[in-house]
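The block underneath contains the structure these notes are about, expressed in structure tokens.
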There are 2 protein chains.
Amino acid sequence: MDSKPIRMVTVPKAVIKRLPMYFRFINQLIEQGTERISSRELSQLMGITSSQLRQDLSYFGEFGQQGYGYKVVTLKQAISSIIGLEKIYNAIIVGAGNMGKAIAGYPGFSRRGLKIIGIFDNNPEIIGNKLGSLDVLDVKTLPEFLNKNPVEVGIITTPASVAQEIADILITAGVKGIWNFAPVLLHGNKNVIIEDIHVGDSLMTLFFKLNKNK
Amino acid sequence: MDSKPIRMVTVPKAVIKRLPMYFRFINQLIEQGTERISSRELSQLMGITSSQLRQDLSYFGEFGQQGYGYKVVTLKQAISSIIGLEKIYNAIIVGAGNMGKAIAGYPGFSRRGLKIIGIFDNNPEIIGNKLGSLDVLDVKTLPEFLNKNPVEVGIITTPASVAQEIADILITAGVKGIWNFAPVLLHGNKNVIIEDIHVGDSLMTLFFKLNKNK
DNA sequence: TAGATTGTTAATCGATTAACAATC
DNA sequence: TAGATTGTTAATCGATTAACAATC
């Protein structure tokens, strides 16, 4: 009766942030046809320490073999499953400007399980336009659309000024997650996960570093 | 002769990452016409602690007054200057796909000092197209263009497979910074600052959190 | 002045790294 | 088996927060 105690530790935020990076690198190895890799080799490719790699993985289980390293396919399968990449999420985009179009048009996202089933705007000149196989719909019809269709993820690519308003509609309709491209802090609640991507912040970080180096 | 010792501490990475957020919120206050704000009030708006706000600012100087708080215009000026937002950087975009167009077309970036002076692609069907006031140029002419024009920032919005190749051209030409949208780790050198924005990583982080919550 | 709030120090908390027993 | 490499513990390092003297 010598069963292992379950380590019930929450996954640190820093580890969560690195999971996509692990997935990217392991994917690259798969494409190259690499079969096995040690934590030392992989960590060197990634520019991190092997301690960190092993420590990070250990929050989710044991995926390697002593003396051998990791089977690349096993690792890919494990990380896909940890992130939840085998699932498909129905999503809608609000804001059919440049960024909205870029998200809708990038094949990498649909390949990872993001299925765009609607795209909305408030501009009469844009409403009705074709975007791939989708028509741009009037944002006035958004609540109705959300009622009729199962939507797990709302993507906000509107100007900052209306982003909260849209978020409120999405949250009221019960979306599970919001992927927010508007440069503003959205207020949600415990039932919705908000993931921000602040492209402008990234540019300012670059500016700061350029400025500092001079 | 009681001059203050200079605190020569390097700014922590975590602080640098927050600077753009400070700028965003202070800007918002300006737009609202707020004149003064305390660290407590501002930190509550931002969802951080007032200790963190004051500690962060203290790496750059003293911008407030005891008993009063911060003058919003003073703070905006200070943070603009810290980030280097009063400067203008000449930039080119490589990759005139959806993301390249989104970056080129977003007015917020030019307002912050990013001046796009060229956009390149390798697709004959795209080369020659107008994008705003710019013609999409053949990426074969990129080295020549970089020789003739002063370019500080190169923006990579190509597929991952060619991103390093483009980065090498940019680095050889002596750009100061690379803003990288390709989902790949670029190898540079100490003379170039590489700032990554991995949109797909952000989506995977959202997926992970959705997955965990179920 | 009295009250408010800064800037800074020191304590706490969380993340990273080094080291190694376990083991393939 | 001997060598290699994992998973984990403990030490170190960095970031955040609490607390308060200084002072507007």
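Every chain is numbered from 1 and lettered A, B, ... according to where its sequence line falls, protein lines coming before strand lines.
- Counting only residues at least two apart or in different chains, salt bridge (Lys or Arg N to Asp or Glu O under 4.0 Å) contacts with residues 93-120 of chain B are absent.
- Residues meeting the side-chain hydrogen bond (donor to acceptor under 3.5 Å, both in side chains) test with Asn123(A), sequence neighbours left out: none.
- Residue Lys71(A) contributes atom NZ, which lies 15 Å from atom C1' of dT5(D) at whole-angstrom precision.
- Within the structure, every pair that satisfies the salt bridge (Lys or Arg N to Asp or Glu O under 4.0 Å) test and touches residues 186-203 of chain B, not counting sequence neighbours, is listed here: Arg24(A)-Asp201(B), Lys209(A)-Glu195(B).
- Here dT8(C) presents its C1' atom at 16 Å from CZ of Phe60(B), a figure rounded to the nearest Å.
- The ring-ring contact (aromatic ring centres under 6.0 Å, His included) search around Phe208(A) returns none, not counting sequence neighbours.
- Residues satisfying the side-chain contact (heavy atoms from CB on, under 4.5 Å) test with Ser110(B), not counting sequence neighbours, are none.
- Residues satisfying the salt bridge (charged side-chain N to carboxylate O under 4.0 Å, His left out) criterion with Arg54(B), sequence neighbours excluded, are absent altogether.
- For the pair Gln44(A) (side chain) and Glu41(A) (backbone), a donor-acceptor distance under 3.5 Å is absent.
- Scored by the ring-ring contact (aromatic ring centres under 6.0 Å, His included) test, Tyr22(A) finds no partners at all (sequence neighbours excluded).
- At whole-Å resolution of the value, CD1 in Ile16(B) and P in dG14(D) are 14 Å apart.
- To the nearest angstrom, C1' of dT5(C) lies 17 Å from CZ of Phe63(B).
- Side-chain proximity of Tyr70(B) to dA15(C), dT6(C), dT5(D): nearest is dT6(C).
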Show every donor-acceptor pair shorter than 3.5 Å between a side-chain atom in residues 68-85 of chain A and any protein atom, with sequence neighbours excluded, or say none if there are none.
unit_1   : atom_1 : unit_2   : atom_2 : d
Lys76(A) : NZ     : Asn27(A) : OD1    : 2.7
Ser80(A) : OG     : Lys76(A) : O      : 3.1

Check: Along nucleotides 16-23 of chain C, 5' to 3', which nucleotides get a B, which get an S, and which get a -, given that the test is a protein heavy-atom distance under 4.0 Å?
Finding: SBBB--BB
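- No more than 12 heavy atoms of other residues, nucleotides or ligands lie within 6.0 Å of CD1 in Ile88(B), so this atom counts as exposed by the packing criterion.
- In this structure, Lys17(A) atom NZ and dA15(D) atom C1' are separated by 14 Å, rounded to whole Å.
- A straight line from NZ of Lys13(A) to P of dG14(C) spans 8 Å, rounded to a whole angstrom.
- A search for ring-ring contact (aromatic ring centres under 6.0 Å, His included) contacts involving Phe145(B) returns Phe120(B), not counting sequence neighbours.
- Of the residues in residues 37-45 of chain B, those lying under 4.0 Å from DNA chain C by heavy-atom distance are Ser38(B), Ser39(B).
- With a 3.5 Å limit on both pairing distances and Watson-Crick or G-U wobble geometry required, the stems of 3 or more pairs in DNA chain C span C:3-24 with D:3-24.
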